[in-house]
Amino acid sequence: MARTRTPVSAHGRLFGGDSMYEVLAELARLRRSQFHAYEIAQRIDRHPSQVQGHLARLMAIGVLEEIEARGAAQPMRRKSTPLARSVVSLPGLIESEIGVYTRAGAPDTSGET
């Protein structure tokens with residue numbers, strides 16, 4: 001039986017998929033000045049290469065900047081610009097309008113049976 005792709009949530013539609021939404025939401029949660037793709041990938045349960053691609057897109061438009069090395073362990077940080085603040089605030093705005101994001105197919109962790 002062929003595996004079918006999980007439909008994109010309402011939260012991820014603006015970004016072309018849930019993984020970019022999840023990356024942005026994680027960037028909004030991070031208060032530290034630096035992070036790397038591998039760390040974010042672990043937190044959102046995505047492959048580091050997938051996360052690195054999203055972070056590269058954000059670097060290309062000036063939301064993030066690299067600090068040193070390259071690759072999934074590349075330290076980077078958010079820029080302190082109006083664009084960066086606006087882009088990283090999008091997940092919170094979306095959740096305030098349409099509700100809390102829940103990843104499709106994720107196990108129920110509410111404790112209810």
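As a basis for the values below, the full set of heavy atoms in this structure was taken, side chains included, without hydrogen atoms, waters or symmetry mates. Numbers here simply count residues along the sequence, with the first being 1.
In terms of heavy atoms, Gln50 sits closest to Ser19 at NE2-OG, 3.2 Å. Considering every non-hydrogen atom in both Pro48 and Ala37, the closest pair reads O-CB, 4.2 Å. Of all the heavy atoms in Glu22 and Arg46, the pair that sits closest is OE1-NE, 2.8 Å. The shortest non-hydrogen separation linking Ile98 to His11 is CG1-NE2, 3.7 Å. Minimum interatomic distance between Ile67 and Gln34 (heavy atoms only, all atoms of both residues): CD1-OE1, 3.3 Å. Residue Glu39 comes nearest to Leu30 through the heavy atom pair OE2-CD2, 4.2 Å, listed as atom of the first residue, atom of the second, then distance.
Within the model, atoms CG of Leu64 and NE2 of His54 stand 12.5 Å from one another, a figure rounded to the nearest 0.5 Å. The structure places NE2 of His36 at 9.5 Å from CE of Met76, a figure rounded to the nearest 0.5 Å. Between atom CD1 of residue Ile44 and atom CG of residue Leu27 there is a gap of 9.0 Å, rounded to the nearest 0.5 Å. Atom-to-atom distance recorded for Glu66:CD and Met59:CE is 5.5 Å, nearest 0.5 angstrom. The CG atom of Leu24 sits 5.5 Å away from atom CG of Leu58, with the distance rounded to the nearest 0.5 Å.
The closest donor-acceptor contact from the side chain of Asp18 to the backbone of Val8 lies at 3.5 Å or more, if one exists at all. At distances below 3.5 Å, not a single donor-acceptor pair connects side-chain atoms of Arg43 with backbone N or O atoms of Val23.
Between Tyr21 and Tyr101, the ring planes are tilted. Angles from 30° to 60° get that label.
Using a 4.5 Å heavy-atom cutoff, the side chains of Leu93 and Ser96 are in contact.
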Kindly list each side-chain donor-acceptor pair under 3.5 angstrom involving residues 79-89, sequence neighbours excluded, with atom names and distances?
| residue | atom | partner | partner atom | Å |
| --- | --- | --- | --- | --- |
| Thr81 | OG1 | Ala84 | N | 3.1 |
| Ser86 | OG | Pro82 | O | 2.9 |
| Ser89 | OG | Arg85 | O | 3.3 |
| Ser89 | OG | Ser86 | O | 2.8 |

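Connection of Ile61 to Val51 is established within a shared hydrophobic cluster, with ILVMFWY side chains joined at heavy-atom distances below 4.5 Å, either directly or through further cluster members.
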